[in-house]
Amino acid sequence: MRGEVLGVERRRRWNDDDKLAIVSSVGIDGATVTHVAHRHDVTRQQIYRWRHELKKKGLWPTGEGAVFLPIDFHVTDVVSSAPEPTPPSAVELSLSNGRCLRFDTGVEAAALTRLIRAVEAA
């Protein structure tokens with residue numbers, strides 16, 4: 001029995017920068033893992049494996065704890081003497097582990113921080 005090689009070798013080598021760029025593109029403009037895998041001609045499992053590998057190397061955030069981003073906004077010069085109380089409104093927060101946390105605006109910052117950490121640790 002004689003075999004014949006048709007085409008080029010399928011195995012490719014990816015450096016950490018390329019892996020990080022591919023894994024980071026998940027979620028941008030609504031791109032799913034499936035879309036990104038198809039775009040780069042790799043399997044979905046390969047992207048999950050790279051994410052795990054990058055976490056072990058310290059190149060990908062582990063998702064431990066809440067991440068707070070600074071918001072820059074300007075306060076108007078006019079300060080009212082007695083602001084009208086506003087009724088609490090519902091807020092929905094999507095966490096990095098795929099879970100969703102719903103709360104109202106009346107929750108104190110310290111309590112919210114503890115709640116986010118508890119949900120992500122669960």
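Computed from a prediction, not measured in an experiment: that's the story for all the values here.
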Roughly how far apart are [X] [atom1] and [Y] [atom2], rounded to 0.5 Å?
X	Y	atom1	atom2	result
T32	R44	OG1	CZ	8.5 Å
L115	F103	CG	CZ	8.0 Å
Q45	H52	CD	NE2	10.5 Å
E53	K56	CD	NZ	9.0 Å
L59	R51	CG	CZ	14.5 Å

Heavy-atom pair of closest approach, residues [X] and [Y]:
X	Y	value
P88	G106	CB-N, 4.2 Å
I47	V23	O-CG2, 3.9 Å
L54	D16	CD2-O, 4.3 Å
V107	A111	CG1-CB, 4.3 Å

Which pairs pass salt bridge (charged side-chain N to carboxylate O under 4.0 Å, His left out) with one or both residues in residues 22-32, sequence neighbours excluded? none
Return each pair, listed once, that meets salt bridge (charged side-chain N to carboxylate O under 4.0 Å, His left out) where at least one residue sits in residues 86-104; pairs must be two or more places apart or across chains. E92-R102
Validation row: V26, H35 side chains within 4.5 angstrom (heavy atoms): no
Do W50 and W14 have ring centres separated by under 6.0 Å? yes
Could you go through the side-chain contact (heavy atoms from CB on, under 4.5 Å) check for Q46 and I22 one step at a time? CA-CA 11 Å; Q46 185 67 55; I22 291 171; over 6 Å; no
